[in-house]
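Below you'll find the structure, written out as structure tokens, and then a few comments.
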Amino acid sequence: NAGVTQTPKFQVLKTGQSMTLQCAQDMNHEYMSWYRQDPGMGLRLIHYSVGAGITDQGEVPNGYNVSRSTTEDFPLRLLSAAPSQTSVYFCASSYDLDKTGNFQYEQYFGPGTRLTVT
Amino acid sequence: AQKVTQAQTEISVVEKEDVTLDCVYETRDTTYYLFWYKQPPSGELVFLIRRNSFDEQNEISGRYSWNFQKSTSSFNFTITASQVVDSAVYFCALSEVGAGSYQLTFGKGTKLSVIP
């Protein structure tokens, strides 16, 4: 298993540009999330999904769009990049039941994407 | 609403000293999970421990130990005989299971510097 993968690792955008941060997991997890990390702020939830076709907003959703057309992928779209979106972005996936139906709970994080908006 | 407070922004210790990182949380749920993550200078998030709200047993893993006290809503993390490789930012996080989506609320992190 590759776990949670994110691309790109680094990105520089100009104000007003749009782009998509990619996130994929190969563990068949139901739950996926996007967080952003800013200095001194910890990680804050942007959007999350409880399954294919279902998404919802987190704490800081403005300026971002998500969709979940498959279990594996959960891309994050920046509609019109702003300097305030300069941050490190982490994707995470999790599940609650293992193959035998026992309750488990693990959170797996991707390696992060460092985005700079100038 | 849930909240996690890590009051210590930065801590410096000399190698081999013991250090405790504090974590205080707020939640209305009776079922929740608490986590600690380590973020070394390389930037990735390294999972250290998960504890559910029904298990108040303290846990020890090598030089690491965790003290979970529901009565004070605290989940403190102690590193014994610290090493330079322990230098990192440590995050405490809370997840309320009731939401069904296992979203994490993070504290702002404690930066630990271990001086040789």
Side-chain angles (χ1 to χ4, degrees), chain A residues 3-6 8-10 23 25 27 29-52 54-61 66 68 74 87-97 102-115, chain B residues 1-11 21-26 29 31-55 75 77 88-112:
Chain A
V4 181
T5 58
Q6 291 183 238
K9 294 192 77 173
F10 301 94
C23 174
Q25 52 95 4
M27 298 172 283
H29 287 174
E30 297 172 75
Y31 310 109
M32 297 186 75
S33 312
W34 277 103
Y35 295 84
R36 60 177 287 173
Q37 182 181 16
D38 302 298
M41 295 294 294
L43 281 79
R44 294 179 293 169
L45 182 67
I46 306 172
H47 284 285
Y48 64 94
S49 169
V50 300
I54 306 169
T55 63
D56 207 344
Q57 297 180 350
E59 180 185 355
V60 288
V66 292
R68 185 98 179 270
F74 191 42
S87 188
V88 180
Y89 292 84
F90 287 96
C91 179
S93 74
S94 57
Y95 71 101
D96 61 2
L97 294 175
N102 293 317
F103 183 81
Q104 296 287 347
Y105 177 23
E106 300 284 354
Q107 280 268 358
Y108 296 82
F109 281 88
T113 294
R114 185 174 295 275
L115 175 68
Chain B
Q2 53 193 19
K3 184 179 178 182
V4 176
T5 301
Q6 295 180 255
Q8 304 149 310
T9 305
E10 293 192 41
I11 300 175
L21 309 183
D22 298 332
C23 174
V24 174
Y25 63 92
E26 296 176 27
D29 276 16
T31 303
Y32 52 89
Y33 285 84
L34 295 163
F35 296 76
W36 275 96
Y37 287 89
K38 174 182 180 179
Q39 187 175 46
S42 51
E44 74 274 20
L45 286 164
V46 178
F47 166 81
L48 295 177
I49 189 172
R50 178 192 72 245
R51 172 69 69 210
N52 75 51
S53 53
F54 297 110
D55 183 2
F75 187 44
F77 173 32
V89 179
Y90 291 86
F91 291 99
C92 180
L94 166 71
S95 179
E96 290 176 342
V97 174
S101 61
Y102 310 112
Q103 309 154 44
L104 289 174
T105 296
F106 284 83
K108 294 184 178 181
T110 297
K111 183 178 180 181
L112 174 65

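Reminder, nothing fancy here: chain letters follow the sequence lines and each chain counts from 1.
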* A:L45, part contacting chain B, at a heavy-atom distance under 4.5 Å ->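 Contact with chain B is through the side chain of A:L45 alone.
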* To do: Check whether A:F90 gets within reach of chain B through its side chain, its backbone, both or neither, counting any heavy atom under 4.5 Å.
  =>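 When you check distances to chain B, only side chain atoms of A:F90 fall under 4.5 Å.
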* Keeping the roles fixed (side chain from A:Y35, backbone from B:L104), state whether a donor-acceptor pair exists under 3.5 Å. => yes
* Neighbour count >12 (heavy atoms, 6.0 Å) for atom CZ, B:R51 -> yes
* Asked: Is the number of heavy atoms from other residues, nucleotides or ligands under 6.0 Å of B:K38 NZ greater than 12?
  -> yes
* Winner by heavy-atom pair count (cut-off under 4.5 Å) against chain B, out of A:G58, A:P111, A:G110, A:G40 -> A:G40
* Against chain B, work out which of A:R44, A:Q37, A:M32 has the most heavy-atom pairs shorter than 4.5 Å and name it. =>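 The candidate making the most pairs under 4.5 Å is A:Q37.
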* side chain to side chain contact (heavy atoms under 4.5 Å, CB included) between B:Y33 and A:Q107, worked out -> CA-CA 11 Å; B:Y33 285 84; A:Q107 280 268 358; over 6 Å; no
* Check whether any side-chain heavy atom of B:Q39 sits under 4.5 Å from a side-chain heavy atom of A:F109, and report yes or no. =>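 SC-SC contact between B:Q39 and A:F109 ruled out.
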